[in-house]
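Chain naming here is simple, since letters A, B, ... match the order of the sequence lines and numbering starts at 1 in each. Nothing here was measured: the structure is a model prediction, and the numbers come from that model.
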Amino acid sequence: MLQNIKRTLRHGYRIGIKDLTVFSRSRMRLVSFIIMPIFMMVLMGYIFPSQNSLKNAPLGVVNMDQGPLGNQIVSALNQPIPGQNDKLFSLTYLTDEAEAIKRIKEGEINGAIIIPADFSGRITGNEQGTLTVITDQSNPQISMLLSGTLNGLMSEISARLGEEKIASLVPGIDNTQVVIKPFVIETRGVVPGEPNYFEFMAPGLMAMVIMTACMTGLAGSISRERELGTLDGILSAPISRLSIVVGKSFAQGVRGIIQAVITLLLAIGLFGVVIHGNVGLLALLLVLTVFSFIGIGIIISAISSEQETAMIIMTALTFPAIFLSGAFFPLQQMPAAMQWISRLNPLSYSVGALRKCIVLGTNISGMMTEIWVMVGFGVIFVAIAVPFFSKVINR
Amino acid sequence: MNIIEVENLTRRFDQLTAVDHITFQVKKGEIFGFLGPNGAGKSTAMRMLCTLLRPTEGSALVSGFDIVREANKVREHIGLVAEKLILYDELTAAENLALFGRLNNLSEKGIKSGIDKWLGRLRMEQWRNHRVGDFSTGMKQRINIARSLLHHPDVLILDEPTLGLDPQTTRAIHEFILELSREGITVLLTTHDMTEAESISHRIGIMDKARIVALDTTKKLKKLLSGGDTTRVDIEIINLSEAILSKVKELENVVSLIQEDTYRMRLQVAGSNTIGAIVNTITSAGGQIRAINTVEPNLEDVFLHLTGREMRDRTSENASAPAGHHRRRTNSRVR
Ligand SMILES: Nc1ncnc2c1ncn2[C@@H]1O[C@H](COP(=O)(O)OP(=O)(O)O)[C@@H](O)[C@H]1O
Ligand SMILES: [Mg+2]
């Protein structure tokens, strides 16, 4: 038994090493392998402007405040970017929220800030004020940057007001919240601002390249060998069919992880992404991502040996998987039904855990759900895939 | 002792029956050739014996093991040269051999000595550390054959092993196959080239439309055709005369004789040692022979006889040959 397992793993290792050697010696495939993440990153960089590049963003302002604070906030929004002639926002003054929503829908402005009528009054009356930010749902990237910038700006103003209030502290104030944070910002429709869009995106790209390697890559690798005829050599060798699965998965997993690491290094080097979490944990998450997809990849490879159209099934699977994973678009923005579907998507958990690890520096205890779900997906699909593969591969 | 026993082996792909109840045995050390046109089902039959395809019906034992229930045992005992090369272009000759040696559980020492031995025998030793992708088709096939032999198989299965190779390599491979057979390796090969089947097989199974239509030695297959071993001989004589014609006609083994033109006569002869007597008779009658062509019935004729069709697809393979003239001439010129 143990002997058999060792032998299976040894044969699998040989097949995997062979795959990697063959791959590393085919220049064309190697080049596209390295170019792909670079291309994706740069493309994303152009499509989604970084926060620094935000200037003269059209923003609606509805200032209904009769007191001085509303005007203070408006003039803060109107400040030029330090050291530049451009302003962060190009302001359009509007009369009410309905008009703001109309303008956003028409695409004239990317968002609006609403200062309520009694804003100054509440704050001077030692109550907490509320600012409302309305973002453009159809343009999540811009609105995310917008709300991020607004948040930053507002908390500065808010903190200054707080200090002023403490300085003029009147005995008898019991609401400390009001002192520390005189007003809060209510953002509607998007996740709270991301400090760097690439930090949001890099984990998504990493999970995506691993998924692609495990699904498209695995099926491609097997059908390529079938076409070349070399698969007959492997299948007519006295080895367990499991060795083939192990070897191919190993090679594709290594390729996926290398590509994910290239993606991360690019994000760090070119876009200033910082890994806040533990690198060991990150490595574990990458391996788990491979594991959670490999079973599905094997099933599809086995099917694609029957008909090449399975490649179409693959595309039909990977695209929704990417969009319903939160890799590029925040899940919170999606309709409830889509959010439910995304919970059945292993990629969601991989992206979620990677994001926690890289961006938030969460430790392993903070992502046990994601880890167990990935392990679960992997175990279930591998358990289905291996017997299925052995049955189908010798037709 | 039969090393391969096949009984009613059948394979269907949906509606199409690619192999239809074939039954045959192969003895140890024998070279058994499957001859048939493209699409006859030769490769499908071989793939079942290699455990690469499951039979729909029937059974087969290879080296005493059942091809379905004991597939891995069968795999240990066979070497496979399939229609497509089982080699990775990106790996060197030695790396390819080592990979398959390891998958066949050879020791590292066994792999090394096996590589030395087989590359040596196939005259490829100087290429061991070169990438297979840089080789010519003939060189690749030599490495491919070395790969199939590395783990000492009892049975070598060759599916169209010389397809698309140059004549020298083809001849070298034929000689090599004969050598292997003498060393006790059983060879099962397929071909749609009757010359190949005839020149190296001990026995031939003629396959057509998924069935074995005839199975025997070449000699006996040819007897199917004429009912005896008659040979057609065309003789060209510079000074052909009535006297010569009548003298030859009197010879015991000459079944029939016709004068074809001023110089040539065509005769049908029985027995194998008749040509010497004919030549003697002609020369002693003062005839000067310019050429003798013995036109044997070949396997193509046998196929035509058995199936009512020609084996080759003439439009693709033999466009220039005149209709009905598919004969291999063994042309022996005298002086
Ligand atoms: N995997 C397959 N699926 C469907 N049909 C097949 C398959 N393999 C072979 N065939 C069909 O079976 C028949 C026999 O093919 P094959 O065994 O390759 O013939 P040969 O080797 O004698 O040229 C052909 O009609 C071929 O199209
Ligand atoms: Mg064939």
Side-chain angles (χ1 to χ4, degrees), chain A residues 3-4 6-31 33 221-248 250-251 302 305-307 389-395, chain B residues 11-14 43-44 46-56 62 65 67-68 70-92 95-106 111 131-133 140 144 147-148 150-151 153 155 157 159:
Chain A
Q3 198 69 28
N4 281 346
K6 271 169 88 178
R7 184 172 274 201
T8 300
L9 291 179
R10 195 171 63 231
H11 290 148
Y13 173 75
R14 288 299 174 194
I15 292 172
I17 291 295
K18 178 271 296 173
D19 267 13
L20 291 171
T21 312
V22 166
F23 175 71
S24 71
R25 289 183 190 169
S26 8
R27 204 162 295 151
M28 277 309 291
R29 281 157 71 191
L30 204 59
V31 166
F33 170 82
S221 157
I222 289 177
S223 65
R224 187 181 311 113
E225 284 217 44
R226 184 183 295 282
E227 259 158 50
L228 287 173
T230 49
L231 190 65
D232 286 347
I234 291 177
L235 290 174
S236 67
I239 59 173
S240 159
R241 307 296 97 168
L242 184 58
S243 302
I244 302 167
V245 173
V246 168
K248 289 276 164 192
F250 165 60
S305 68
E306 296 224 298
Q307 41 180 262
F389 180 86
S390 312
K391 191 170 172 335
V392 169
I393 198 78
N394 278 35
R395 287 162 296 165
Chain B
R11 172 67 199 212
R12 279 187 281 274
F13 297 107
D14 299 321
S43 296
T44 306
M46 294 305 111
R47 292 176 67 77
M48 284 193 277
L49 295 178
C50 294
T51 76
L52 292 174
L53 271 180
R54 269 190 262 266
T56 316
V62 176
F65 299 104
I67 56 164
V68 178
E70 300 165 297
N72 257 0
K73 280 287 174 196
V74 172
R75 291 173 186 139
E76 281 174 19
H77 291 86
I78 56 165
L80 169 65
V81 172
E83 274 175 305
K84 291 177 181 169
L85 290 167
I86 301 177
L87 292 175
Y88 296 94
D89 275 354
E90 295 82 359
L91 302 184
T92 66
E95 284 169 338
N96 268 293
L97 298 189
L99 169 70
F100 286 99
R102 287 175 187 134
L103 295 184
N104 279 284
N105 299 312
L106 293 186
I111 288 170
R131 288 203 195 164
V132 167
K140 284 181 183 175
N144 195 28
R147 175 198 51 72
S148 74
L150 200 68
H151 57 289
V155 178
I157 294 180
D159 195 355

Exercise. Is any side-chain heavy atom of A/Arg10 closer than 4.5 Å to a side-chain heavy atom of B/Asn105?
Worked result: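 A/Arg10 reaches B/Asn105 side chain to side chain.
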For this session: Could you tell me whether the side chain of A/Glu225 reaches within less than 4.5 Å of the side chain of B/Tyr88, counting heavy atoms only?
Result: yes
Side chain from CB out, backbone as N, CA, C, O: work out which of these in [X] comes under 4.5 Å of a heavy atom of chain A, or both, or neither.
| X | result |
| --- | --- |
| B/Arg131 | side chain |
| B/Leu91 | both |
| B/Glu95 | side chain |

Exercise. Heavy-atom count around A/Arg7 CZ within 6.0 Å, excluding the residue itself: above 12?
Worked result: no
Exercise. Is it true that atom OH of A/Tyr13 has more than 12 heavy atoms of other residues, nucleotides or ligands lying nearer than 6.0 Å?
Worked result: no
Problem set entry | A/Arg25 (side chain) donor-acceptor with B/Glu90 (main chain) under 3.5 angstrom | yes
Problem set entry | Sidechain-backbone polar pair: B/Lys84 side chain, A/Glu227 backbone, donor-acceptor under 3.5 Å |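 Yes.
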Seminar exercise, completed: Rounded to the nearest 0.5 angstrom, the CG-OG distance for B/Leu52 and A/Ser236 is 5.5 Å
Exercise. Could you give the distance from CD1 (A/Ile15) to CG (B/Leu99), rounded to the nearest 0.5 Å?
Worked result: 7.5 Å
Seminar exercise, completed: Heaviest contributor of heavy-atom pairs below 4.5 Å to chain B, chosen from A/Leu235, A/Asp232, A/Ile234, is A/Asp232
Exercise. If you count heavy-atom pairs under 4.5 Å with chain B, which of A/Val22, A/Ile17, A/Leu231, A/Leu228 comes out on top?
Worked result: A/Val22
Seminar exercise, completed: B/Leu103 and A/Ile239 have their tightest heavy-atom pair at O-CG2, 3.3 Å
For this session: Mind listing the closest non-hydrogen atom pair of A/Pro238 and B/Glu76 along with its distance?
Result: CB-CG, 3.5 Å
Problem set entry | Residue selection (most heavy-atom pairs with chain A, distance under 4.5 Å) from B/Arg75, B/Glu83, B/His77, B/Arg147 | B/Arg75
Problem set entry | Part of A/Arg241 lying under 4.5 Å from any heavy atom of chain B |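 The answer is the side chain of A/Arg241.
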